[in-house]
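Let me begin by presenting the structure, written as structure tokens, before commenting on it.
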Amino acid sequence: MDDTDSSDSWDFQDEDGPCFSSNGSNSVIPSRGASMCGAEGSTSNQSRSKAISHFTEMGFSEDLVIKTVDEKGEENTEAILETLLAYTAPEECASQGEPVLSHSSSPEFEWDSLDDLSDFSDAESCLQNEESVPETKMMQLVAMGFSIGEVSAAINSSDPDTSIADLMDFISAAQMAEPTSDHPRELPLEGRGPPDVKKKKLVKQEFHRGREIRAWRSSRKEEMEKRKRYLSPVEDDFIKIPQLMNGFGVPGHPRIGFKRKLPDVAIGPPYFYFENVALAPKGAWSSISRSLFNIEPEFVDSKYFCAAARKRGYIHNLPTDNRFPLLPIPPLTIAEALPLSSRWWPSWDVRKQFNCLLTCYGSALETERIRKDLEGWQGDPPEHIQKRVLNKCRKWNFVWTAKNSVAPLLPEEVELMLGYPRNHTRGGATSQAERYKSLGNSFQVNTVAFHLSVLKNRYPNGISVLSLFSGIGGAEIALHQLGIPLRFVVAVEISEVSRNIFRGWWENTDQKGILIDNINDVTMLTANKIEKLVDYSGGFDLVIGGSPCNNLTGSNRWHRDGLDGKQSVLFYDYCRVLNTVKRLVREN
DNA sequence: TATAATATGATTAGCACC
DNA sequence: GGTGCTAATCATATTATA
């Protein structure tokens with residue numbers, strides 16, 4: 001097994017062209033599979049028509065596609081795409097005043113290099129120049145591969161609050177109705193300057209990602225039709241969030257005889273595990289479930305695993321028999337977790353556990369107000385004072401540190417309750433605020449480990465994990481503490497602080513496996529790159545991740561916009577990546 | 001200028017009561 | 001079924017400070 005340094009220098013370089021893969025497979029066009037590089041090289045009319053249809057459906061003009069296919073050969077999909085993009089994509093940026101001539105220091109595309117996967121800044125700045133439409137939806141849809149023209153038409157024809165999913169359906173319907181209509185990508189061949197290499201690269205990345213999403217949505221619709229025959233526990237448009245969140249059973253509260261039947265399409269391997277806040281806006285979990293094979297979410301409150309509540313929903317295809325908890329069992333009450341606080345804990349503060357550990361904590365002014373509220377009373381304060389103070393303590397998870405004095409939890413105490421090693425977030429974080437934030441966004445390790453424990457006997461020699469939104473490594477720590485060797489881990493995380501924290505843990509615990517952690521943006525994880533990672537690792541056993549909750553959580557007073565929100569929309573990238581991995585498993 | 005501190009409700013759901 | 005109350009919530013924008 002290689003060490004981590006070798007993973008950093010792991011080379012994914014490939015040359016442009018149709019057959020660049022070392023194992024002879026063409027990984028550029030997912031629907032084509034490895035056979036596209038086969039020696040026989042089909043030249044049938046059917047193949048030619050299929051190639052033409054494929055690219056015209058992507059929005060390129062038919063004339064240009066025919067010309068290019070004839071020139072390059074229908075099996076040469078990568079070269080066709082190169083040529084089409086050379087004449088079309090840069091214009092979308094150039095029309096916004098961007099320079100057309102390349103300023104890239106590299107004369108060749110490097111989008112297959114893992115070192116170059118996080119550079120999305122130019123694409124964002126280019127796309128944000130569209131100022132006449134809602135920028136976020138415009139950007140997201142264009143980044144998915146739809147053309148600016150298509151997106152503009154859809155947005156202009158819809159209500160301002162139309163969801164991303166509805167806009168995608170609108171565009172898809174328009175494409176089906178008019179497959180050869182004029183398209184913004186269609187541009188005259190004459191009068192072009194040399195294409196901007198960097199933008200060309202970015203457009204190409206977006207193109208692939210968009211096609212993956214559309215292909216996935218298309219296949220998902222078919223699967224949904226098939227699954228209508230399956231008696232699903234998930235009703236049409238509403239999932240009831242249970243008040244008692246003990247999921248499919250938790251330690252001490254087993255659900256005797258519980259069995260579930262997964263749809264065939266969802267059965268692993270690969271196993272997958274998705275997480276997000278339970279108390280999301282109405283309909284959010286129904287949408288999530290529909291996108292994840294109609295599997296019933298398992299709602300679990302981490303109060304069964306530690307001294308703090310953490311109400312989360314999990315959708316996974318893991319077995320549910322013979323789960324076991326991590327040992328030792330963590331303290332389940334505040335008194336056990338923070339025994340020193342008991343001395344100052346007033347009898348009228350009836351809290352036995354903390355509420356959800358969030359990303360920020362109460363101010364010194366709040367604690368000072370509480371101190372002043374409580375001073376000067378003989379014995380217990382009046383009931384209305386008790387009630388006011390207790391509400392503040394519940395809201396901010398204050399802990400009693402002296403007479404009439406409360407304080408926020410320390411980062412080390414949060415680490416303890418969330419199941420992380422002491423000072424886990426100390427090294428990589430630059431400030432206390434960053435520690436609170438990264439912890440507030442993380443898994444409760446014991447909860448996740450309980451669910452993942454069923455993998456221990458299945459992967460005694462190590463597991464290969466694709467970890468999206470990996471944060472500070474809660475999933476990996478859970479696997480590690482379960483005694484499951486981390487053979488190969490790809491950790492995708494946008495926060496540099498969180499990546500540093502996880503890298504520090506990986507090195508401190510002398511992991512023997514390979515860690516790839518230089519992919520920052522999940523939207524940059526295209527099928528092509530996933531296929532290379534699969535080739536390199538031998539395949540992923542587990543695709544795990546909790547997508548951003550920013551637009552779902554009730555804590556967000558500003559942008560609780562649901563699954564279409566700026567951050568939470570990345571849920572669809574989890575689905576896209578998962579389905580790509582599943583497809584690769586089927587093909588292999 | 002970067003970081004820390006502080007202020008900022010709404011959306012759900014359950015429950016009791018009428 | 002309608003109303004009012006209680007309770008919880010992986011956050012973000014603005015202001016203050018070093």
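All values below were derived from every heavy atom in this structure, side-chain atoms included, with hydrogens, water molecules and symmetry-related copies excluded. Letters go in sequence order (proteins before strands), and every chain restarts at 1. Small disclaimer: the values here were computed from a predicted structure and weren't measured.
If you check every strand for non-hydrogen atoms under 4.0 Å, A:Glu275 touches a base. Residue contacts shown for A:Arg394 are limited to sugar-phosphate atoms, with no base heavy atom under 4.0 Å away. Residue A:Gly471 is out of contact with every strand shown, counting any heavy-atom pair closer than 4.0 Å. Residue-level contact check: A:Arg351 touches neither bases nor backbone, having no heavy atom under 4.0 Å from any strand. When heavy atoms are screened at a 4.0 angstrom cut-off, A:Ser568 is found touching no nucleic acid atom at all. Within the 4.0 angstrom heavy-atom criterion, only backbone atoms of the sugar-phosphate kind lie near A:Lys311; the bases stay farther away. Across all strands, A:Cys360 comes closer than 4.0 Å to base atoms (heavy-atom distances). Among the heavy atoms of the strands, none lies under 4.0 Å from A:Ala280.
Side-chain contact between A:Asn520 and A:Glu493: absent, with no pair of heavy atoms (C-beta onward) separated by less than 4.5 Å. Taking 4.5 Å as the limit, every side-chain heavy atom of A:Leu468 sits out of range of all side-chain heavy atoms of A:Ile544.
Candidate nucleotides B:dA13, B:dT11, B:dT6 were compared by shortest atom distance to the side chain of A:Leu365, and B:dT6 ranks first.
Near-neighbour residues of DNA chain B inside residues 548-558 of chain A, defined by a heavy atom below 4.0 Å, number-ordered: A:Gly554, A:Asn556, A:Arg557, A:Trp558.
If you check the side chains of A:Tyr273 and A:His451, you find a donor sitting under 3.5 Å from an acceptor. For the residue pair A:Ser467 / A:Glu476, a side-chain donor-acceptor distance below 3.5 Å is found, with atom types taken as modelled. No hydrogens or angles considered: nothing links the side chains of A:Gln353 and A:Thr333 as a donor-acceptor pair under 3.5 Å. Looking only at atom types and distance, the side chain of A:His559 has no donor-acceptor partner in the side chain of A:Gln567 under 3.5 Å away. Checked by atom type, the side-chain pair A:Ser302/A:Thr447 shows a donor-acceptor distance below 3.5 Å.
If you run salt bridge (Lys or Arg N to Asp or Glu O under 4.0 Å) between A:Glu298 and each of A:Arg312, A:Lys311, A:Arg323, only A:Arg323 comes through.
Regarding contacts with the backbone of B:dA13, every side-chain N or O of A:Lys240 stays at 4.0 angstrom or more from both OP1 and OP2. Taking 4.0 angstrom as the limit, A:Gln432 places none of its side-chain polar atoms (N or O) nearer than this to OP1 or OP2 of B:dT3. Listed pair A:Arg435 / B:dA4 fails the phosphate criterion, with no side-chain N or O lying under 4.0 Å from OP1 or OP2.
Counting to the nearest Å, the C1' atom of B:dT6 and the CD atom of A:Glu368 are 15 Å from each other. Atoms NZ (A:Lys392) and C1' (B:dT6) sit 12 Å apart, rounded to a whole Å. Distance CD1 (A:Ile241) to C1' (B:dG14): 14 Å, rounded to an integer number of Å. One atom, CG of A:Leu279, and another, C1' of B:dA10, lie 13 Å apart when rounded to the nearest Å. Between A:Ile239 atom CD1 and B:dA13 atom C1' the separation is 16 Å, expressed in whole Å.
Rounded to the nearest 0.5 angstrom, A:Asp561 CG and A:Lys566 NZ are separated by 11.0 Å. The CD1 atom of A:Ile370 sits 11.5 Å away from atom CG of A:Leu365, with the distance rounded to the nearest 0.5 Å. One finds the CG atom of A:Leu374 at 7.5 Å from the CD1 atom of A:Ile385 (value rounded to the nearest 0.5 Å). Residue A:Leu358 holds its CG atom at 7.0 Å from OG1 of A:Thr553, rounded to the nearest 0.5 Å.
Remark: A:Lys582 qualifies as a cation-pi partner of A:Phe293 under the 6.0 Å distance and 45° angle criteria applied to the six-membered ring.
Contact footprint of chain A on DNA chain C: nucleotides with an atom under 4.0 Å from a non-hydrogen protein atom, first to last in 5' to 3' order, C:dT6 to C:dA13.
Across the interface with DNA chain C, nearest-nucleotide mapping of A:Arg312 and A:Lys387 shows A:Lys387 to be the residue nearer the 5′ end. Where A:Ala433 and A:Lys395 each meet DNA chain B at their nearest nucleotide, the meeting point lying more 5' is that of A:Ala433.
Here the separation of B:dA5 from C:dC10, taken at their P atoms, is 24 Å to the nearest Å.
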Worksheet, complete the sentence: Encoded 5' to 3' (Watson-Crick or G-U under 3.5 Å; [ ] crossing; | other strand), DNA chain C becomes |||||||||.||||||||

